[in-house]
Participant: 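Pasting in a structure now, in structure tokens, and then I'll have a few things to ask.
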Amino acid sequence: MQYRNYGKTGKKVSILGFGGMRFAEIDNHDKCVEMMVRAAQGGVNYFDTAPGYFETKSETVFGKGLAELRRQGLPYYVATKTFQSDESEIRREIEASLKRLDVPAIDFYHMWCITSLENWRERKSKGIIKTFQKLKEEKLINHICVSTHLIQNNIASLFTEPAFEGVLFGYSAYNFKTREKAFDVTMRKNLGAVIMNPLGGSLIPNNPELCRFLLKEGEECNKENAVKAALQFLWDHKPLSVALVGFSNKNEIDSALEAMETYKPRTDEELAIAKANASKCFEGVCTGCSYCDNCPKSIPIPKFMDAYNRIVLGETKQDIYNQLKWHWGLSPDLAGTCSQCGNCENSCTQHLNIIERLEYIAKNSIASNG
């Protein structure tokens, strides 16, 4: 296993992290604990969960797993999160998290799911930063972190908050253009940088052709190789601290560990070439450059195009709805307010039929159809 600095905290974290949001059998605690032990034996020391995963069951499982890691003398750091903003609500939630996790303090505590700068300003006005600083002074948390789905300049501006020691954001081989600017800030501010959704949810495993630009000549373009290549592509980013993978079973852990064991870093020049070749594999897939983000109706078009990617790649209307609701916090009905002015299509570097896609979302989403 390879380890990197988590920003300026002095912590050394494994570049492969364990995400607790995808357990296949969450009620089988023994199996879940076995998974955590297997990962730790392979060198993973970063374990991430949240009270919202499986309605607190993930934190409960983590509590049992971390206890077993302590019993076996296996080192770990634990990360969790809060949606709350008011001090009383945050304290109530962290007390419950500490009890479920069976730890005296959270190593990396996140202000969870910042979906817009307006949302961030609202939560900040409620004193969330001061509350986190108090929790740190009281040694209930060790490091102040933030989790976000923002893109481009918005994500860069969020990460300049002086209190932050680490950040968690989505980044993968298929949408790296949307959040590359985040790494500029993490380097300049010396922040820990943890990547979530490293496989684009299910997009990369279900569409291995997306990663053809990362495969070696003659290498078969299948699910296993695509997952391996996608993880190794992320590790090539030097500012990255951890690529966080949500594991369903032990086989997935073994595959990720094998990808780590065979990892040979690209040079900066080789990484730049790989990125330049990416567009050849993304025909019809919005890569999130955000040049279309100029809607006079204030429709966040890049977010809607990200959701529509599910249709381009052969997934379902339900997948569009799930992406909008759970990843972006948006209602598909907003797509129906499009005035068809054409600003977005005129700005699109890929010449996508954005207006048609918005109309499809508005007419066919699960929410719109009731």
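FYI, side chains are in, hydrogens and waters are out, and symmetry mates aren't considered; it's all heavy atoms of this structure. Keep in mind that what you see is a predicted model, and the values were worked out from it rather than measured.
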Participant: Side chains of Pro332 and Ile361: does their closest heavy-atom pair fall under 4.5 Å?
Facilitator: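 A side-chain contact under 4.5 Å exists here.
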
Participant: How close do Asn343 and Pro296 get, counting heavy atoms only, and between which atoms?
Facilitator: ND2-CD, 3.9 Å

Participant: So which atom in Ala229 and which in Leu215 form the shortest heavy-atom distance, rounded to 0.1 Å?
Facilitator: CB-CD2, 3.8 Å

Participant: Given the rule in the salt bridge (charged side-chain N to carboxylate O under 4.0 Å, His left out) test, do Lys31 and Glu34 qualify, once you have shown the distances and angles that lead to the verdict?
Facilitator: CA-CA 5 Å; Lys31 277 193 175 182; Glu34 287 174 7; over 6 Å; no

Participant: Starting at NE2 of His237, measure out to CZ of Phe183 and round the result to the nearest 0.5 Å.
Facilitator: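 Spacing of NE2 (His237) from CZ (Phe183) equals 5.5 Å.
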
Participant: Parallel, tilted or perpendicular for Trp328 and His149, by the 30°/60° rule?
Facilitator: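 Taking His149 first and then Trp328, their aromatic rings stand perpendicular (interplane angle over 60°).
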
Participant: CD1 of Ile26 to CE of Met21: how many Å apart, nearest 0.5 Å?
Facilitator: 11.5 Å

Participant: I'd like to know whether CD of Glu224 has more than 12 heavy-atom contacts from other residues, nucleotides or ligands below 6.0 angstrom.
Facilitator: no

Participant: Taking Asn197 for the side chain and Gly170 for the main chain, is one N or O donor matched with an acceptor at less than 3.5 Å?
Facilitator: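 Judged by distance alone, no pair lies under 3.5 Å.
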
Participant: Set out, in order, the CA-CA distance, both residues' side-chain angles and the distance that settles side chain to side chain contact (heavy atoms under 4.5 Å, CB included) for Val194 and Tyr6, then state yes or no.
Facilitator: CA-CA 9 Å; Val194 179; Tyr6 188 96; 3.7 Å; yes

Participant: For residues Phe108 and Leu168, determine if any side-chain heavy atom of one lies less than 4.5 Å from a side-chain heavy atom of the other.
Facilitator: no

Participant: Which atom names give the shortest non-hydrogen contact between Phe83 and Glu93, and what distance separates them?
Facilitator: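 In terms of heavy atoms, the two residues are closest at N-OE1, 3.6 Å.
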
Participant: Could you tell me whether a side-chain N or O of Asp107 sits under 3.5 Å from a main-chain N or O of Val78, the two making a donor and an acceptor?
Facilitator: yes

Participant: I'd like to know if the side chain of Asp319 and the backbone of Thr316 have a donor-acceptor N/O pair within less than 3.5 Å.
Facilitator: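 Judged by distance alone, yes, a pair lies under 3.5 Å.
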
Participant: Do the non-hydrogen side-chain atoms of Leu66 and Leu69 ever get within less than 4.5 Å of each other?
Facilitator: yes

Participant: Are Tyr109 and Trp112 linked, directly or through intermediate hydrophobic residues, by side-chain heavy-atom contacts shorter than 4.5 Å (ILVMFWY only)?
Facilitator: yes

Participant: With a 4.5 Å limit on heavy-atom distance, are the side chains of Tyr308 and Gln323 in contact?
Facilitator: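 When only atoms from C-beta onward are counted, Gln323 and Tyr308 do not touch, as no gap falls below 4.5 Å.
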
Participant: Counting N and O atoms only, with roles assigned by atom type, does the side chain of Glu252 sit under 3.5 Å from a partner on the main chain of Phe247, one being a donor and the other an acceptor?
Facilitator: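 Such a contact is absent between Glu252 side chain and Phe247 backbone.
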
Participant: One pair to check against side chain to side chain contact (heavy atoms under 4.5 Å, CB included): Ile15 and Tyr3. What are the steps and the verdict?
Facilitator: CA-CA 6 Å; Ile15 62 174; Tyr3 300 87; over 6 Å; no

Participant: Rounded to the nearest 0.5 Å, how far apart are OG1 of Thr131 and NZ of Lys126?
Facilitator: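 Between atom OG1 of Thr131 and atom NZ of Lys126 there are 11.5 Å.
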
Participant: Could you go through Asn45 and Ser14, starting from their C-alpha distance and side-chain angles, then the distance that decides it, and tell me whether this counts as side chain to side chain donor-acceptor pair (under 3.5 Å)?
Facilitator: CA-CA 6 Å; Asn45 71 355; Ser14 55; 3.1 Å; yes

Participant: Between Lys264 and Glu270, is there a salt bridge with N-O shorter than 4.0 Å?
Facilitator: no

Participant: May I ask you to decide whether Lys64 forms a salt bridge with Asp102, counting only side-chain N to carboxylate O separations under 4.0 Å?
Facilitator: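 Salt bridge flag = no for Asp102 with Lys64.
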
Participant: Any side-chain donor paired with an acceptor under 3.5 Å for Asn5 and Lys11?
Facilitator: no

Participant: Using the rule that two of Ile, Leu, Val, Met, Phe, Trp, Tyr join whenever any of their side-chain heavy atoms come within less than 4.5 Å, decide whether Val227 and Met1 are in one cluster.
Facilitator: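 Looking at the clustering, Met1 is in the same group as Val227.
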
Participant: If hydrophobic clusters are built from ILVMFWY residues whose side chains come within less than 4.5 Å, do Tyr77 and Met36 share one?
Facilitator: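 No, separate clusters.
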
Participant: Is there a side chain to side chain contact (heavy atoms under 4.5 Å, CB included) between Leu101 and Thr49? Walk through the geometry before answering.
Facilitator: CA-CA 10 Å; Leu101 292 167; Thr49 184; 4.0 Å; yes

Participant: Ignoring hydrogens and geometry, is there a side-chain-to-backbone donor-acceptor pair from Trp120 to Leu158 under 3.5 Å?
Facilitator: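 Between the backbone of Leu158 and the side chain of Trp120 there is no qualifying donor-acceptor contact (under 3.5 Å).
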
Participant: Where the side chain of Arg4 meets the backbone of Leu240, is there a donor-acceptor pair that is under 3.5 Å apart?
Facilitator: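 Yes, Arg4 side chain to Leu240 backbone: donor-acceptor pair under 3.5 Å.
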
Participant: Nearest 0.5 Å, please: how far is CE in Met305 from CG in Leu352?
Facilitator: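 These two atoms lie 8.0 Å from each other.
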
Participant: Are Glu165 and Lys136 close enough for a salt bridge, meaning some N to O gap below 4.0 Å?
Facilitator: yes

Participant: May I ask whether Leu244 and Phe176 are part of the same hydrophobic cluster, defined by side-chain heavy atoms of I, L, V, M, F, W, Y residues being less than 4.5 angstrom apart, directly or through others?
Facilitator: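 No, separate clusters.
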
Participant: Evaluate whether atom CD of Gln72 has more than 12 neighbouring non-hydrogen atoms of other residues, nucleotides or ligands under 6.0 angstrom away.
Facilitator: yes

Participant: May I ask you to decide if Ala24's main-chain N or O and Ser248's side chain share a donor-acceptor pair within less than 3.5 Å?
Facilitator: no

Participant: Let's go through Phe304 and Cys344 carefully: what are the C-alpha distance in whole Å and the side-chain angles of both, what is the deciding distance for side chain to side chain contact (heavy atoms under 4.5 Å, CB included) to 0.1 Å, and is it a yes or a no?
Facilitator: CA-CA 12 Å; Phe304 277 90; Cys344 53; over 6 Å; no

Participant: Heavy atoms only: give me the nearest Ile204-Cys211 pair and the separation to one decimal.
Facilitator: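 Result for this residue pair: CG2-SG, 3.7 Å.
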
Participant: Could you tell me whether a side-chain N or O of Asp86 sits under 3.5 Å from a main-chain N or O of Ser88, the two making a donor and an acceptor?
Facilitator: no

Participant: Return the CZ to OG1 distance between Arg123 and Thr82, rounded to the nearest 0.5 Å.
Facilitator: 7.0 Å

Participant: Please answer whether the main-chain N or O of Phe213 pairs with a side-chain N or O of Asn277 as donor and acceptor at a distance below 3.5 Å.
Facilitator: no

Participant: For Phe18, run the ring pair (Phe, Tyr, Trp, His ring centres under 6.0 Å) check against Tyr76, Tyr46, Phe23 and tell me which one passes.
Facilitator: Phe23

Participant: So do the side chains of Val44 and Leu257 get within less than 4.5 Å of each other, counting heavy atoms only?
Facilitator: yes

Participant: Return the minimal non-hydrogen interatomic distance between Leu214 and Ala173, and the atom names on each side.
Facilitator: CD1-CB, 3.9 Å

Participant: Working to the nearest 0.5 Å, report the span between OG1 of Thr80 and CG of Asp48.
Facilitator: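 One gets 7.0 Å once the value is rounded to the nearest 0.5 Å.
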
Participant: Grouping I, L, V, M, F, W and Y whenever their side-chain heavy atoms are under 4.5 Å apart, do Phe62 and Val245 come out in a common cluster?
Facilitator: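 Hydrophobic grouping puts Phe62 with Val245.
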
Participant: Is the closest side-chain heavy-atom distance between Glu161 and Val146 below 4.5 Å?
Facilitator: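 Of all side-chain heavy-atom pairs linking Val146 with Glu161, none is under 4.5 Å.
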
Participant: Could you check whether any side-chain N or O of Ser58 sits under 3.5 Å from a backbone N or O of Gly20, counting only pairs where one atom can act as donor and the other as acceptor?
Facilitator: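 Side chain of Ser58 to backbone of Gly20, a donor-acceptor pair under 3.5 Å: yes, one is there.
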
Participant: Is the closest side-chain heavy-atom distance between Pro302 and Cys292 below 4.5 Å?
Facilitator: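 Answer yes - side chains close enough.
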
Participant: Do NZ/NE/NH1/NH2 and the carboxylate oxygens of Lys134 and Glu137 come within less than 4.0 Å?
Facilitator: no

Participant: Looking at Ile90 and Ser85, what are the two nearest heavy atoms and their distance?
Facilitator: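 Closest approach of Ile90 to Ser85: CD1-O, 3.5 Å.
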
Participant: Would you say that Ile129 contacts Pro162 through its side chain, given a criterion of any heavy-atom pair below 4.5 Å between the two side chains?
Facilitator: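 No. Closest side-chain heavy atoms not under 4.5 Å.
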
Participant: Does NZ in Lys223 sit with more than 12 non-hydrogen atoms of other residues, nucleotides or ligands closer than 6.0 Å?
Facilitator: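 Not more than 12 within 6.0 Å, no.
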
